[in-house]
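All of these numbers come straight from a predicted model, not from anything done at the bench.
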Amino acid sequence: LGWIGYDQPRHVVLELAPKAPSFRVSLEVAGATVAEAPSTAATTATTSQLRRIAAQRLRLEVADALQKVVQDSPAGVPPPSSTPISAVISRAEGSIAKDEPDVVALRATLEAEALLGVQLPNYARWGAHYYRTLRLMLLAERRSNFRDQALQHFGRDAEGRDALFEEVSNDAEMRFATLKAPEPSLLMPEIGSMALGVPVAVAADAAPPPARVLPVEFMRGGGCFA
């Protein structure tokens with residue numbers, strides 16, 4: 001499973017062949033088994049559980065669709081196709097999980113960001129990188145930004161409450177938002193010129209007012225799309 005955050009759920013979908021033999025699933029942390037369950041203890045899924053299974057399958061199908069686009073067009077040549085993304089959106093719209101909050105958020109991200117990122121010249125500028133990053137975050141159930149709706153619930157626990165990651169993330173964001181910006185260290189000097197051989201002082205253009213907090217200073221460079 002790789003990296004797992006404190007309080008953060010992870011979901012694993014195992015597809016079995018018909019009449020597959022029984023098996024046992026174990027979870028090990030640092031070499032110690034902390035939980036296990038045999039397949040013989042499984043019960044028939046309820047309607048609610050079936051919707052959750054469908055939601056997890058859609059998450060994985062989106063990851064596969066993103067990978068398909070990048071594989072076929074690593075850097076925009078040949079032009080990327082939106083077909084894999086459009087197809088998974090259609091499957092999500094017809095799924096029994098279409099009204100699940102995470103599926104609604106997933107569709108919103110695909111429609112607002114993924115379909116925009118696959119267009120030229122967006123794909124060559126930021127779309128290919130965005131596709132690779134979004135795919136990895138969906139597979140690992142991690143949140144890499146504050147923009148994509150499909151990733152926001154990954155910072156919460158199984159009950160939908162803010163988990164440890166969310167608390168630390170919010171605290172770090174607040175500290176950054178209120179951190180005093182550094183004082184300017186390079187001031188524009190006065191510019192001297194000559195008029196008829198006589199030195200003349202010419203006032204430089206007024207420097208912009210210094211930023212009061214760090215986010216303002218950071219956004220002068222355009223910030224970060226992701």
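Cluster membership for Val34 and Val25, using ILVMFWY side-chain heavy atoms within less than 4.5 angstrom, is shared. Residues Leu58 and Ile96 are members of separate hydrophobic clusters, defined by side-chain heavy-atom contacts under 4.5 angstrom among Ile, Leu, Val, Met, Phe, Trp and Tyr. Linking Ile, Leu, Val, Met, Phe, Trp and Tyr residues whenever their side-chain heavy atoms come within less than 4.5 Å leaves Val12 and Leu139 in two separate clusters.
A 4.5 Å side-chain heavy-atom check between Thr83 and Val69 finds every atom pair outside the cut-off. Under the 4.5 Å side-chain criterion, counting only non-hydrogen atoms from C-beta, Ser144 is in contact with Thr133. Residues Val103 and Ser95 have side chains not in contact (no heavy-atom distance under 4.5 Å, counting atoms from C-beta outward). No side-chain heavy atom of Arg156 sits less than 4.5 Å from a side-chain heavy atom of Arg161. Side-chain contact between Tyr130 and Leu66: absent, with no pair of heavy atoms (C-beta onward) separated by less than 4.5 Å. Under the 4.5 Å side-chain criterion, counting only non-hydrogen atoms from C-beta, Arg57 is in contact with Ile53. Between Ser81 and Asp72 there is no side-chain heavy-atom pair separated by less than 4.5 Å. Looking at Phe154 and Arg142, their side chains never come closer than 4.5 Å, going by heavy atoms from C-beta outward.
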Exercise answer: donor-acceptor pairs, residues 105-112 side-chain atoms, under 3.5 Å, sequence neighbours excluded:
from   : atom 1 : to     : atom 2 : distance (Å)
Thr109 : OG1    : Ala105 : O      : 3.2
Thr109 : OG1    : Gln149 : N      : 3.2
Thr109 : OG1    : Ala150 : N      : 2.9

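Between the Tyr123 side chain and the Pro80 main chain, no donor and acceptor come within less than 3.5 Å of each other. Under the 3.5 Å distance criterion, the side-chain polar atoms of Thr46 are matched with a main-chain donor or acceptor of Gln49. Remark: side-chain polar atoms of Glu61 are not paired, donor with acceptor, to backbone N or O of Val88 under 3.5 angstrom. Judged by distance alone, the side chain of Asp148 and the main-chain N or O of Leu151 form no donor-acceptor pair under 3.5 Å.
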Practice problem: Report the C-alpha distance between Arg147 and Gln152 in whole Å, list the side-chain angles of each, state the deciding distance to 0.1 Å, and finish with yes or no for side chain to side chain contact (heavy atoms under 4.5 Å, CB included). | Solution: CA-CA 8 Å; Arg147 180 186 182 93; Gln152 300 314 302; 5.8 Å; no
Self-check item: Leu136/Tyr131 under side chain to side chain contact (heavy atoms under 4.5 Å, CB included): CA gap, chis, key distance, verdict
Solution: CA-CA 9 Å; Leu136 292 176; Tyr131 270 46; over 6 Å; no
Exercise. Go through the steps to decide whether Val62 and Ile89 satisfy the test side chain to side chain contact (heavy atoms under 4.5 Å, CB included), and finish with yes or no.
Key: CA-CA 8 Å; Val62 169; Ile89 290 176; over 6 Å; no
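A pairwise comparison of heavy atoms in Arg143 and Met137 identifies C-SD, 4.4 Å as the closest pair. Here the closest heavy-atom approach between residue Ala63 and residue Leu138 is recorded as N-CD1, 4.4 Å. Nearest heavy-atom pair across Glu36 and Ser26 is OE1-OG, 3.3 Å. Listed here is the closest heavy atom pair of Ala97 and Ala54: CB-CB, 3.8 Å. Considering every non-hydrogen atom in both Phe23 and Leu14, the closest pair reads CE1-CD1, 4.1 Å. The minimum heavy-atom distance between Ala163 and Asp157, with the atom names listed, is CB-N, 3.8 Å.
Met174 belongs to no hydrophobic cluster with other residues, because no ILVMFWY side-chain heavy atom falls under 4.5 Å from its own, directly or through intermediates. Grouped by direct or indirect side-chain proximity (heavy atoms under 4.5 Å, Ile/Leu/Val/Met/Phe/Trp/Tyr only), Val104 sits alone.
Considering CD1 of Ile85 and OG of Ser90, their distance stands at 11.5 Å, rounded to 0.5 Å. Between Glu141 atom CD and Arg10 atom CZ the span is 5.5 Å, to the nearest 0.5 Å. Atoms OG and CD, from Ser48 and Glu100 in turn, are 6.5 Å apart once rounded to the nearest 0.5 Å.
With Asp102 as reference, Arg52 is the one residue of Arg51, Arg59, Arg52 to meet the salt bridge (Lys or Arg N to Asp or Glu O under 4.0 Å) rule.
Using a cut-off of 4.0 Å between Lys/Arg side-chain N and Asp/Glu carboxylate O, Lys98 and Glu93 are scored as not salt-bridged. Here Lys68 does not pair with Asp64 in a salt bridge; the nearest charged N to carboxylate O distance is not below 4.0 Å.
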